[in-house]
Amino acid sequence: MIEWKEKQLTILNEGIYIMYLYTPMCGTCQVAKKMLTVVDELLPDLDIHSINLNYYPEEAKELGIESVPCLLIFKDGKIMERVYAFQSVGYLYDLIKQYNRKDDIFLGK
């Protein structure tokens, strides 16, 4: 996972873009991050951007984030998936893998 360190939160208008939104003091967020780390290892050509929402409160409001952890999957700048219940590594893997088509993905590298 790539920790977002830019001063402004940017959502790309082309391809697939995945954001994991969290706060550091959230215990559930820590479990979710471990699950996503496994998915990240299983899908090495895909970047998941990890974003501490404490630094982006206005953007969180604009995105309509209701709670953390939250996983957002964007396609061409539009939110396709908004996940609050991370359920299992298998669930996350299957969900993200359906968007991991090489002809359609922003690799972020």
For the residue pair [X] and [Y], establish whether any side-chain heavy-atom pair is separated by less than 4.5 Å.
X: Val83; Y: Ile73; result: no
X: Lys97; Y: Val39; result: no
X: Gln98; Y: Glu81; result: yes

Quick one: pull up [atom1] in [X] and [atom2] in [Y] and give me the separation to the nearest 0.5 Å.
X: Ile18; Y: Phe74; atom1: CD1; atom2: CZ; value: 10.5 Å
X: Asn52; Y: Leu21; atom1: CG; atom2: CG; value: 10.0 Å
X: Leu92; Y: Leu36; atom1: CG; atom2: CG; value: 5.5 Å
X: Lys33; Y: Ile48; atom1: NZ; atom2: CD1; value: 11.5 Å
X: Leu72; Y: Tyr84; atom1: CG; atom2: OH; value: 7.0 Å
X: Ile96; Y: Leu43; atom1: CD1; atom2: CG; value: 7.0 Å

Whether Phe86 and Tyr20 hold their rings parallel, tilted or perpendicular, with breakpoints at 30° and 60°: perpendicular
Gln30 meets the side-chain hydrogen bond (donor to acceptor under 3.5 Å, both in side chains) criterion, sequence neighbours left out, with none
Residues two or more places apart in sequence or in another chain: which of them pass side-chain hydrogen bond (donor to acceptor under 3.5 Å, both in side chains) with Tyr22? Glu3
Can you name the nearest heavy-atom pair linking Arg82 to Cys70, along with the distance?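 That would be CG-SG, 4.1 Å.
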In short, Cys29 meets Pro69 closest at the heavy-atom pair SG-N, 3.5 Å
Is the number of heavy atoms from other residues, nucleotides or ligands within 6.0 Å of OH (Tyr55) greater than 12?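 Check fails, neighbour count at 12 or below.
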